[in-house]
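Worksheet: one structure, shown below.
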Amino acid sequence: MKGQEWYQADSVAEEYDAKRFSRGGRLIDRREKEAVLEAVAPVEDQRVLEIACGTGRFTAMLAERGADIVGLDISDAMLSQGREKARRAGVSDHIEFMRGDAARLPFPDDHFDTVFAMRFFHLADTPAKFLAEMARVSKRRVFFDTFNGASLRVLYNWALPMGSRLYSAGEVDRLLTDAGLHLADESHDFLLPYGFYRKVPNAVADPFRTVDTRMGATPVGDALASVSYWTAEV
């Protein structure tokens with residue numbers, strides 16, 4: 001994985017949500033949570049695995065909706081933030097946080113109803129291996145997002161501290177096929193990269209997001225979107 005040392009630092013975990021999901025970044029948080037719910041809900045009484053759960057943004061959200069969920073991450077510092085978030089939300093009894101390697105998941109085949117990963121595949125050095133493992137332990141559904149090469153993300157990528165893997169639709173299709181998965185749904189969003197929204201206040205981000213959404217709802221918008229959400233069936 002790219003940037004493991006950076007990602008696992010205590011200071012990064014402590015500031016992660018505040019730096020990425022304050023100001024205009026709140027739009028990103030809201031849209032990502034909508035995308036997860038659209039793909040995996042309803043989750044009541046479902047067994048769910050989140051890969052690279054980080055600070056537990058989605059883990060706690062799904063636990064609040066009745067999921068029996070495991071959050072797996074490589075960073076102890078991130079997992080500590082997730083446990084505190086679950087405690088504050090009153091859903092600790094619905095969540096198990098585990099430190100682990102997504103390339104070697106410690107679960108039997110078909111163990112979960114749904115397996116998903118957000119903000120993960122842009123850091124993956126061996127995406128085929130990770131997706132194959134997600135497919136192996138899921139008996140129904142796999143969901144994940146990617147950052148796209150034919151987008152403004154290319155320019156933003158230069159400023160990142162660790163680089164970022166960008167994907168084409170063809171590459172995602174090959175990954176799904178090789179993992180034995182069948183694409184059930186896809187959606188594409190954010191012509192402007194995430195970095196733009198995180199740098200501006202809400203009052204500025206909102207009108208840009210309105211224009212972004214309108215332009216994104218066109219064939220050209222789909223082609224140039226910086227983020228894609230992929231829902232696959234086993």
Test your reading of the model: is there a side-chain donor-acceptor pair from Arg65 to the backbone of Leu37, 3.5 Å cut-off?
no
inquiry  = Other residues, nucleotides and ligands only: do more than 12 of their heavy atoms fall within 6.0 Å of CD on Glu64?
reply    = yes
For Asp222, the salt bridge (charged side-chain N to carboxylate O under 4.0 Å, His left out) test, sequence neighbours excluded, returns none
Any carboxylate oxygen within less than 4.0 angstrom of a Lys/Arg side-chain nitrogen, looking at Asp76 and Arg83? no
* Asked: Salt-bridged, Lys139 to Asp113, with N to O below 4.0 Å?
  -> yes
Show the numbers, then the answer: is there a side-chain contact (heavy atoms from CB on, under 4.5 Å) between Leu181 and Val234?
CA-CA 5 Å; Leu181 294 167; Val234 177; 3.9 Å; yes
Query raised in the report: Is it the case that Thr114 and Arg141 place a side-chain donor and acceptor less than 3.5 Å from each other?
Result: yes
The reported gap from CG in Leu27 to CZ in Phe190 (rounded to nearest 0.5 angstrom) is 6.5 Å
Interatomic distance, CZ@Arg174 vs OG@Ser168, rounded to 0.5 Å, equals 5.5 Å
Practice task
Please report the C-alpha distance between Glu84 and Arg88 in whole Å, then the side-chain angles of each, then the deciding distance to 0.1 Å, and finally whether the salt bridge (Lys or Arg N to Asp or Glu O under 4.0 Å) criterion is met.
Solution key: CA-CA 6 Å; Glu84 176 59 23; Arg88 292 197 305 267; 3.6 Å; yes
Only one of Phe120, Tyr194, Phe121, Tyr167 passes ring-ring contact (aromatic ring centres under 6.0 Å, His included) with Phe147, and that residue is Tyr194
Rounded to the nearest 0.5 Å, the OH atom of Tyr229 sits from the CG atom of Asp185 at a distance of 12.5 Å
CD1 (Ile95) and NZ (Lys85) are apart, to the nearest 0.5 Å, by 10.0 Å
Of Lys33, Arg209, Arg198, the one forming a side-chain contact (heavy atoms from CB on, under 4.5 Å) with Ile28 is Arg198
> With distance as the sole test, does Asp145 use its side chain to make a donor-acceptor pair with the main-chain N or O of Arg119 at under 3.5 Å?
Replying inline: yes
One should read off an interatomic distance between Glu96 CD and Thr59 OG1, to the nearest 0.5 angstrom, of 12.0 Å
